[in-house]
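Following: one structure in C-alpha cells, then a few remarks.
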Amino acid sequence: MSDRIKITLPDGSVREYDSGVTALEVVKSIGPGLAKAAVAVLVDGRPVDLAARLERDAKFSALKGDSPQGLEVIRHSASHLMAQAVTELHPGTRVAIGPAIEDGFYYDFDREAPFSSEDLEKIEKKMAELAAGDVPIERREMGRAEALEHFRKLGEGYKVELISELPESEPISFYRQGDFIDLCRGPHLPSTGRLKHFKLLSVAGAYWRGSEKNKMLQRIYGTAFDKKEQLEAHLAKLEEVKKRDHRRLGKELDLFSIHEEVGGGLVHWHPKGAVMRDIIETFWKAEHRKRGYQLAITPHIASEEIYRRSGHLQNYSDLMYSAMDIDGRPFRAKPMNCPGHILIYKTRMHSYREMPYRIGEMGTVYRYERSGVLHGLLRVRGFTIDDAHIFCRPDQLEAEVLGVYDFATFLLGSFGFKDLKVYLATRPEKSVGADADWDKATAALRAALEHHGVAYQLDEGGGAFYGPKIDLKVLDPLGREWQCTTIQFDFNLPERFDITYVDESGKQVRPFVVHRALLGSLERFFALLVEHYAGSFPLWLSPFQLAVLTITDAQTEYAKTLFDKFEKLGFRVKANFGAEKIGAKIRDAEMEKIPYMVIIGKKEEEDKQVSVRRHGQGPFDKLRAGDVGKMTVEELVDRLNKEVVQRG
RNA sequence: GCCACCGUAGCUCAGCUGGCAGAGCAGCGGUUUUGUAAACCGCGGGUCGGGGGUUCAAAUCCCUUCGGUGGCUCCA
C-alpha cells in the first residue's frame, strides 16, 4: 500500500510521508545534522529504533545523544556491546540482564572464573574493536517458541527464564549485532560504530534478580556518553567524589575513626570532629528552644518491655541488638527515641491549652546493620538522631508540619544546603491505622506543602508503617541526593501508649503525634558536611578558625599575645611558632584547611598589624583564597565576626 | 549475610615468576631564623592482619579466619 501518513513534529508542523517510511528517513528529511545526532526517535512518546517503519499518523521527535532518553539508548547499546565482547572473549559465559542505569550501565554475567581488572581492560579493548567494526544492530521479532528454542540451545538459561515470564500477548523482540543476539525491548543505536565514548568501571557481585536466594552473578559496571568531553567530565567527577570521600578526609583532617577492636559502625569522634559536632549541637539546641521545643535526655538501654509496647520489638527485632540480662529482666540497647519521649509526656495530664507540646533530643540509638552495608559514617551501628516529637491537636497539625518544614529548610540552609527536594510518601501495603485517618493525615501533609507553594514529588506507598511522611533530600555540589529531614505522622504510638490530653469539654482525647528529624543522624550529616565542603569548612564550623604563624623566633612573644587575644575573643586558634620557614608553616595550615592564616614577621610587629591569608574553599570558591594583605587586628576580628555570623 | 578485590612502619605506597623487609611523609634529636603551599643532617619505628600448611627457604604459593572496600532496587 502506498498510503500517506501524517507526521507531527515537536514544533507542531505536520509532514506527509509514504506509509512504511523509516524513522531515519523522516529524521533525514528534517535535517542532515539531526540525522547524525539522532540515536533513536520518539513515536507518540514511545522510544523506537531509527530503522523502525512508520505506518500510521504519529507525533514524532528525534532523540539526540545529549537528552536523558537518548543517553539511555547509548548506554543500553553499550551494555549490549560489552556483553558481546564478554561472550566473544569468554565463550560459555551466560548473560543475564544488562540495563542502562542512572550514570551508565551494567550487565550481569554467570561465569565460574571471576573478572579481574585486567579482564575489564581487555573487554574494553574488545568493545572498541567491535565498535570500530561498525556492525549494524538489527531488531527482529521471534515467536515465543522459536525464541525459547534459540536460547535453550545456547544454554542461556537466564534468557529462557525471562522469555517464559513475558506476557503471551507481547511480541518478543531481539537485537542482533554480528553473532550476538540478545533479548531486548530496545531501542538501540543503528550500529556499533555509534559507540565511541565508554569506560568500564568496576565489577561486583549481584544476585540474579536481586534476591539472596538466587545465584550470585558477576556484574560489570560501565558508563557511556555521546561526547568525549561528557565522558571525561564524568570521570573527573568520579575523581572528585573520591577526593571528597568523608572517610579519607576524616582521616586526613583527624576528625574521627572507627576501630576494628571496638567493632564496625561505631564511631570515635576525635577532638577536631568533636569540636564541630559540639558547634552543630549547640546551634541545634538554641534554634529548637527558639521554636518552642523543650529538650529531654533519655537512657541508652531500657527493658525490652517498653519496645514491645511501642511495637519496635515486633517490627524491627532484626535491627535491634539482642537482649542483655539485667536482674533477670531482658534489656535492649535503644533503637528509637520515641518511647522515652512518650513516657515523659505521659507522666502528667496535658491540657489542650499547652498543645503543641514539642520535645526534642539529640538521641543516640543503636541498630544492628549487616556488616556488608556499613559504610564510613553514612551507615553505622551507633548514631545520634536529632529527634523530636510533637504532640498536637488535630487542628494544629498542618501548622506544625509547616513549622517543621520551615525549620528544616532554615537549618539545612545554615549548613550550606540550599538545594532541596521534597517527597511526600503515602501509605504502604503493610501498615496500621484506619483508612480515614491515613487520608486525613496525608491530606494535612499535602495541604501544608501546597499552601506553602512547595514543589514536591509523590512517593506512592513509601510511607512508614505507622503513618505518612514528608522527606527532604539535599543536593550537594556534585548533584548527589542525600536524605536528611523526615517528618512522619504516627498513628501507632498514641494508641499503643494510650496517650491523651484534656480538651475544652474536659474529655480525654487522643493527640496527634508527629515524629521528625531534621539533620537525620549526626554521623551521617557530618559525613555530608565533610563531602559538601570537601573538608574546607566555613569559618563558623571549622575546628580551627585561624593559625598564627611566625616568620622568626623574634616574633614569638608578640605572636603569643595575639594568640591569647584571639582565644579570649572565643576563636579557635592554632599556633605555629616553630623553626620551619614560613612557606612550610603555610603549607601545613593549608593542608589542614584552616580558614585564616595570620602571619607575624618583623614588619607586622613594628606597625602592629597582621598579614592575613585565606584558605581556599574548594573548587567552587577559590576567589577569596590566598594573600589578603595587611590589616590591624581589629579589622581582622571584625572580618572574622562577620564571616562567622553569615555562616558562609 | 553473599560475591569480588584488598590488608606490608602512624599515613600513602613499592616489594615481578619464593632467596637478608624498602621509600616518601609524619615522629624524635640536632643544625638553620627563614616573608605566603615542603630548609638540611641524623635516629628510631614492622610477628608483612591472625592461624595453619607446602618448601631447604614464604610478605610472595595453598587453606582458614578476622577486618576493610566495591556491589547486591532501578522491568528483557
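The chains referred to below are lettered A, B, ... by the order of the sequence lines, with proteins before strands, and numbering in each begins at 1.
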Once you apply a heavy-atom cut-off of 4.0 Å, does A:K251 come out as touching a base, just sugar-phosphate, or nothing? sugar-phosphate
Verify whether the ring centers belonging to A:H90 and A:F109 lie closer than 6.0 Å. no
A:R614 atom CZ is separated from B:rA37 atom C1', nearest whole Å, by 16 Å
Paired with B:rU47: which nucleotide, if any, by Watson-Crick or G-U wobble criteria at under 3.5 Å for both distances? none
For atom P, what is the distance between B:rC72 and B:rU55, given to the nearest Å? 44 Å
Using atom P of each nucleotide, how far apart are B:rU65 and B:rA4 to the nearest Å? 13 Å
If you measure from the C1' atom in B:rC61 to the same atom in B:rA38, how many Å do you get, rounded? 42 Å
Partner nucleotide, any strand, of B:rA58 [Watson-Crick/G-U, under 3.5 Å]: none
If you measure from the C1' atom in B:rG29 to the same atom in B:rG44, how many Å do you get, rounded? 10 Å
So what does A:G601 touch, heavy atoms closer than 4.0 Å: a base, only the sugar-phosphate, or nothing? base
With ring pair (Phe, Tyr, Trp, His ring centres under 6.0 Å) as the rule and sequence neighbours excluded, what pairs involving residues 239-259 of chain A come up? A:H259-A:H268
Quick one: which of B:rU34, B:rA37, B:rU33 gets closest to the side chain of A:D553? B:rU33
In Watson-Crick or G-U wobble terms, with both distances under 3.5 Å, the base opposite B:rC25 is B:rG10
Find the distance A:I551:CD1 to B:rG35:C1' and express it as a whole number of Å. 4 Å
Any non-hydrogen side-chain atom of A:F383 less than 4.5 Å from a side-chain atom of A:R524? no
Do the non-hydrogen side-chain atoms of A:P335 and A:Y366 ever get within less than 4.5 Å of each other? no
Using atom CG of A:D588 as one end and atom P of B:rU34 as the other, report the distance to the nearest whole Å. 19 Å
Between B:rU31 and B:rA21, how many Å separate the two C1' atoms, rounded to a whole number? 31 Å
Whole angstrom value for the distance that separates P of B:rU31 from NZ of A:K581: 18 Å
Please report the shortest heavy-atom distance between A:I101 and A:R75, naming the atom on each side. O-NH1, 4.0 Å
Watson-Crick/G-U partner (both atom distances under 3.5 Å) of B:rU33: none
A:L253 has an atom CG; how far is it from atom P of B:rC11, in whole Å? 16 Å
A:K199, NZ atom: more than 12 neighbouring heavy atoms under 6.0 Å: no
Who pairs with B:rC74 - Watson-Crick or G-U, where each distance is under 3.5 Å: none
Distance flag, aromatic centroids of A:F105 and A:Y107, threshold under 6.0 Å: no
Between A:D108 (CG) and B:rA4 (C1'), how many Å, whole number? 13 Å
Mark yes or no for a side-chain to base donor-acceptor pair under 3.5 Å between A:E369 and B:rG1, with no hydrogen or angle criteria applied. no
Please figure out whether A:I582 or A:Q218 has its closest RNA chain B nucleotide nearer the 5' end. A:Q218
Counting primed atoms plus P, OP1 and OP2 as sugar-phosphate and everything else as base, spell out the protein contacts along nucleotides 67-76 of chain B at 4.0 Å heavy-atom distance: B, S or - for each nucleotide, 5' to 3'. SSSBBBSSBB
Between A:Y596 (OH) and B:rU36 (C1'), how many Å, whole number? 16 Å
Can A:K585 and A:E590 be counted as an ion pair, charged N to O under 4.0 angstrom? no
Any base atoms under 4.0 Å from A:I599, or only sugar-phosphate, or nothing? Heavy atoms, all strands. base
Look at the side chain of A:T552 and decide which nucleotide, out of B:rU33, B:rA39, B:rG35, has an atom nearest to it. B:rU33
Please give the nucleotide sitting opposite B:rA38 as a Watson-Crick or G-U wobble pair, both distances under 3.5 Å, or none. none
Work out how far the C1' atom of B:rC13 is from that of B:rG19, and round it to whole angstrom. 24 Å
Quantified in whole Å, what is the C1' atom distance between nucleotide B:rC11 and nucleotide B:rA26? 7 Å
Classify the nucleic acid contact of A:E604 as base, sugar-phosphate or nothing, counting any heavy atom under 4.0 Å across all strands shown. base
Among A:R247, A:K242, A:R248, which residue satisfies the salt bridge (charged side-chain N to carboxylate O under 4.0 Å, His left out) criterion with A:D245? A:R247
Can you check the distance between B:rC5 and B:rG27, where both ends of the measurement are the C1' atom (answer in whole Å)? 33 Å
Grab the CZ-P distance between A:F115 and B:rA4 for me, whole Å please. 13 Å
